Amino acid sequence: MQSAESNYQGVWGNRIGFGKSPALLVIDFLKAYTIEGAPLYAPGVVEAVAQAPELIRAARDAGIPVIHTRILYLAENCADGGMWVRKSPVMKAMVEGNVLAEFCDHVEPAKGELVIVKQYASAFFGTSLASQLHAQGIDTVIMAGCSTSGCIRASAVDAVQYGFRPIVVRECVGDRHPDPHNANLFDIDSKYGDVVSKEEAITEIAKAKAKSGCP
């Protein structure tokens with residue numbers, strides 16, 4: 001049987017590249033994924049959180065927007081989570097006052113950075129994110145966060161459908177198991193956006209800084 005790479009070659013996998021005006025989207029780096037013993041604990045997310053501060057610093061130094069998302073349910077019994085919470089009741093931990101719903105240390109939002117509160121997987125679904133990005137002239141959405149097979153994939157698919165260039169930073173996304181992590185990176189890179197190294201992302205962010213004339 002052909003390898004996936006051989007089967008996709010020449011059909012999928014075109015590069016979309018970075019545009020002129022990027023933003024960094026940090027998706028759901030919440031303690032639910034990094035506290036050992038928690039139901040959502042994901043070793044791959046622990047690794048991604050450790051890798052992400054350098055990327056976030058580069059974006060802040062370049063003066064490009066850094067936007068964070070968090071899952072948070074506000075209605076009684078998480079009714080605002082609809083069918084997703086019925087499918088995945090483990091998500092009911094994402095409520096105010098639960099430590100699992102808090103941002104991870106060292107990747108939390110800085111003062112003045114936009115925080116998008118969402119109830120579903122995609123950062124775009126049911127939120128103002130697309131409008132916020134279009135209003136700022138953003139054409140490229142660089143993504144870090146978790147989980148690769150869930151909220152990262154859903155956000156990448158929606159990003160390209162809203163007309164943005166989705167760029168997923170390989171070292172800065174994670175999942176609970178390497179198989180879905182790698183399969184979804186392969187699929188995102190093939191069909192929806194580009195999966196790049198942290199080094200490449202930081203290099204492109206630096207170029208954006210140079211273009212903007214930021215000191």
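Remember, predicted model here, so these are calculated numbers, not experimental data.
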Legend entry - Donor-acceptor pair, side chain of Lys198 and main chain of Ala201, under 3.5 angstrom: no

Legend entry - Near-ring test His134/Phe164, centroid separation under 6.0 angstrom: yes

Inset, instruction - Flag the pair Lys191 / Val157 as yes when at least one side-chain heavy-atom distance between them is below 4.5 Å, and no otherwise. - result: no

Inset, instruction - Can you measure from OG (Ser190) to CD (Gln9) and round to the nearest 0.5 angstrom? - result: 11.0 Å

Legend entry - Flag if over 12 foreign heavy atoms under 6.0 Å of CD, Gln136: yes

Inset, instruction - Kindly compute the distance separating CG (Leu74) from CD (Gln119), expressed to the nearest 0.5 Å. - result: 6.0 Å

Legend entry - Short side-chain donor-acceptor distance under 3.5 Å, Ser6 and Ser3: yes

Legend entry - Expected output: side-chain Asp189 to main-chain Leu185 donor-acceptor under 3.5 Å: no

Inset, instruction - Verify side-chain contact (heavy atoms from CB on, under 4.5 Å) between Ile152 and Asn184, making sure each step is shown before the conclusion. - result: CA-CA 9 Å; Ile152 296 296; Asn184 279 275; over 6 Å; no

Legend entry - Joint hydrophobic cluster, Trp84 plus Val90, side-chain heavy atoms closer than 4.5 Å: yes

Legend entry - Asp175 side chain vs Pro180 backbone, donor-acceptor pair below 3.5 Å: no

Inset, instruction - Report yes if the side chains of Tyr8 and Asp187 come closer than 4.5 Å at any heavy-atom pair, otherwise no. - result: yes

Legend entry - Backbone of Tyr73 reached by a side-chain donor or acceptor of Asp80 within 3.5 Å: no

Inset, instruction - Report yes if some heavy atom in the side chain of Tyr41 is under 4.5 Å from a heavy atom in the side chain of Val46; otherwise report no. - result: yes

Inset, instruction - Output yes when a side-chain donor or acceptor of Gln132 lies under 3.5 Å from a complementary backbone atom of Ala130, and no otherwise. - result: no

Legend entry - Cluster check Val168, Tyr192: I/L/V/M/F/W/Y, side chain < 4.5 angstrom: no

Legend entry - Nearest heavy atoms of Tyr33 and Cys146, plus distance in Å: CD1-SG, 3.6 Å

Inset, instruction - Write down the atom of Val66, the atom of His68, and the distance for their closest heavy-atom approach. - result: CG1-NE2, 3.6 Å

Legend entry - pair Arg153-Thr148: side-chain heavy atoms closer than 4.5 Å: no

Inset, instruction - Indicate yes or no: does Asp194 engage Arg170 in a salt bridge with an N to O separation below 4.0 Å. - result: no

Legend entry - Atom CZ of Arg15 with >12 non-hydrogen neighbours under 6.0 angstrom: yes

Inset, instruction - State, to 0.1 Å, how close Ile71 and Cys151 come at their nearest heavy-atom pair, and which atoms those are. - result: CD1-SG, 4.3 Å

Legend entry - Validation row: Ser147, Arg176 side chains within 4.5 angstrom (heavy atoms): no

Legend entry - Heavy-atom check, side chain of Val45 versus side chain of Leu40, under 4.5 Å: no

Inset, instruction - Please round to the nearest 0.5 Å and tell me the distance separating atom CG of Leu100 and atom OG1 of Thr34. - result: 8.5 Å

Legend entry - Heavy-atom pair of closest approach, residues Thr140 and Phe18: OG1-C, 3.9 Å

Inset, instruction - Kindly give the heavy-atom pair with the smallest separation between Ile116 and Ala123, and that separation in Å. - result: CG2-O, 4.1 Å

Inset, instruction - Using the rule that two of Ile, Leu, Val, Met, Phe, Trp, Tyr join whenever any of their side-chain heavy atoms come within less than 4.5 Å, decide whether Ile27 and Ile138 are in one cluster. - result: yes

Inset, instruction - Apply side-chain contact (heavy atoms from CB on, under 4.5 Å) to the pair Leu129 and Val141, showing each step before the final yes or no. - result: CA-CA 11 Å; Leu129 179 59; Val141 181; over 6 Å; no

Legend entry - Any side-chain heavy-atom pair of Ile202 and Leu55 under 4.5 Å: yes

Inset, instruction - Walk me through it: do Val85 and Lys92 pass the test side-chain contact (heavy atoms from CB on, under 4.5 Å)? - result: CA-CA 7 Å; Val85 168; Lys92 288 187 176 183; 3.4 Å; yes

Legend entry - Rounded distance [0.5 Å steps], OG1 in Thr127 versus NZ in Lys118: 9.0 Å

Inset, instruction - Identify whether Leu72 and Ile35 are in the same connected component of the hydrophobic contact network (ILVMFWY, side-chain heavy atoms under 4.5 Å). - result: no

Inset, instruction - Quick one: closest heavy-atom pair of Cys172 and Ala52, and the distance? - result: SG-CA, 3.9 Å

Legend entry - Joint cluster assignment, Ile205 & Met143, ILVMFWY side-chain distance < 4.5 Å: no

Inset, instruction - Check the angle between the aromatic planes of Phe125 and Tyr120 and answer parallel, tilted or perpendicular using the 30° and 60° thresholds. - result: perpendicular

Inset, instruction - Determine yes or no for a side-chain-to-main-chain donor-acceptor pair under 3.5 angstrom, with Arg165 supplying the side chain and Ile16 the backbone. - result: yes

Legend entry - Side chain to side chain, Met94 and Asn98, heavy atoms closer than 4.5 Å: no

Inset, instruction - Answer yes or no: is there an ion pair linking Glu54 with Arg57, defined by an N-O contact shorter than 4.0 Å? - result: no

